Amino acid sequence: VRLFNGGDKLNIIYNSWNNEDDGVPMYSCLTCTACTNACPQLVDYDSYVDIRRSLIVGAPQAEIPHTALQAVLAAEAEAEADDQFLSVEELEIDSNVGYYPGCVDYLDQEMVFSHLNEGSMNLGDTTNAAFTLFEEMNQEVTYLGRDFLKCCGHDQKWQGLTEVFEKLKSYNQKKLEASGIDTLVSSCAECFRTFARDYELDGIKVMHTTEYLTENGFKPDLKAEHEVTVTYHDPCRLGRQMGIYEEPRDLLGDVEGVKLVEMEHHGEDAMCCGVSSMMSCNENARSLRVARMEEIRDTGADMMITSCPKCVSHFECLKFEGDEKYDIEILDVVSFLAKQVEASKSKAKEAVSPSIQSEEVSA
Ligand code: SF4
Ligand code: SF4
Ligand code: SF4
């Protein structure tokens, strides 16, 4: 409300409190938690919207931009799909820590399929990047991929498809409990929030990758290849909904040569990227992204870092329109850190190889 307190925008709240589910206000809300954050009475508006949506029978009355992807994920929820997934016995689980990648590979495919991405966006990179960092820390982590677990159900839950969400949740919960892990890590802000707040996982601690890295003392001696100024976008699922603001910033601050500058709206006041739960992607959503891009430009940063592959996808989408003004590099923090690790490794190799060569020559 504090951010969008003009004119008809307040209709979203007014109409929904009046139970006027005419489709538009109820599905326009991004459940970005800005309302709750601004409300002196801490009214949990997101939960209100969630409950109201779950009471509406039938498909969500909202623009759903990726219908093929949504259909694939919904089909996964059915029991008939169970045998497409590896059983606990079939997967070698050799660690008490599991990593869940989210639907990044599905999103990559969908973006190519829908002609949004012509090859420059690679959300799946967050998975490889996370394992580069775990390796650097000497931490054994088991990959609990999408051939083992189903979609977490975040989008289905917030689209009001409660039945689909409950099926996905029930399958994944049983699988996770049988896996024997005690920590579940994910780099996707939406998956992280869903497992942490919307599942009941007895004896399993759910952590965002940035939290896992900082709590386990990830402090490699990293130096950026070139001095770089970055700004950071707080995903609403990670920031306002889960209170993780400092961990990604601390990780960035630990890299020598990285200067962090803040956007006008950051931390608790950060603006959403404009799309949540892969729905209601419309002109309003686009204008939020444009406003955010303008804030990035105002900082003078070379790059924008965030902590959610889905945020990356929506920002990249604006870039695909081709306006040079918005040709700003956007990276997930995990990918950014892994790049620094790889760069410092190859530098170390370069430093070693001339001495090896000279030893070989003298021999
Ligand atoms: S989109 Fe955010 S600010 Fe707007 S009504 Fe929903 S929670 Fe409130
Ligand atoms: S995509 Fe990112 S900013 Fe947008 S709703 Fe999801 S977490 Fe929030
Ligand atoms: S902004 Fe996001 S939801 Fe909308 S078309 Fe682009 S990638 Fe899809």
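Note that the structure is a prediction, hence the values are computed from the model and not measured. By convention here, the first residue in the shown sequence is residue 1. Read the numbers this way: they start at 1 and go in the same order the structure lists the ligands and their atoms.
Under 4.0 angstrom from ligand 3, there are no non-hydrogen atoms of Leu318. Counting heavy atoms under 4.0 Å from ligand 1, residue Thr36 does not touch it at all. With a 4.0 Å cut-off on non-hydrogen atoms, Glu316 does not touch ligand 3 at all. With a 4.0 Å heavy-atom cut-off, ligand 3 is reached by the side chain of His66 but not by its N, CA, C or O.
Atom numbering of ligand 1 starts at 1 in the shown order; those under 4.0 Å from a heavy atom of Thr33 are 7 (S). Set against the non-hydrogen atoms of Arg289, the atoms of ligand 3 under 4.0 Å away are 1 (S). Interface atoms of ligand 3 facing Pro65, defined by a heavy-atom separation under 4.0 Å, are 3 (S). Listed by number with element, the atoms of ligand 3 under 4.0 angstrom from any heavy atom of Met278 are 3 (S). Taking every non-hydrogen atom of Ala34 and a distance limit under 4.0 Å, the qualifying atoms of ligand 1 come out as 3 (S).
Between Tyr212 and Tyr99, the ring center distance fails the sub-6.0 Å criterion.
Atom 4 (Fe) of ligand 3 has an N, O or S atom of Cys281 closer than 2.8 Å. Not one N, O or S atom of Cys29 sits under 2.8 Å from atom 2 (Fe) of ligand 1. Residue contacts to atom 6 (Fe) of ligand 3: Cys317 brings an N, O or S atom closer than 2.8 Å.
Closest to atom 7 (S) of ligand 3 among all protein heavy atoms lies Met111 CE, 3.6 Å.
Taking all heavy atoms of Cys32, Cys272, Cys35 into account, the minimum distance to atom 2 (Fe) of ligand 1 is reached by Cys32.
For the 3.5 Å distance criterion, the side chains of Ser307 and Arg237 fail to qualify, holding no donor opposite an acceptor. Looking only at atom types and distance, the side chain of Gln159 has no donor-acceptor partner in the side chain of Ser277 under 3.5 Å away.
In this structure a side-chain-to-backbone donor-acceptor pair under 3.5 Å is missing from Gln70 to Asp155. Between the side chain of Thr142 and the backbone N or O of Ile93, no donor-acceptor pair lies under 3.5 Å. Of the possible donor and acceptor atoms, one in the side chain of Asp234 sits under 3.5 Å from a partner among the backbone N and O of Gly267.
Counting heavy atoms from C-beta outward, Leu168 and Lys157 have side chains that stay 4.5 Å or more apart.
In this structure, Arg146 forms a cation-pi arrangement with Tyr106, its terminal cationic atom sitting closer than 6.0 Å to the ring centre and no more than 45° off the ring axis.
Using a 30° and 60° split on the angle between ring planes, His154 and Trp158 fall in the tilted class, from 30° to 60°.
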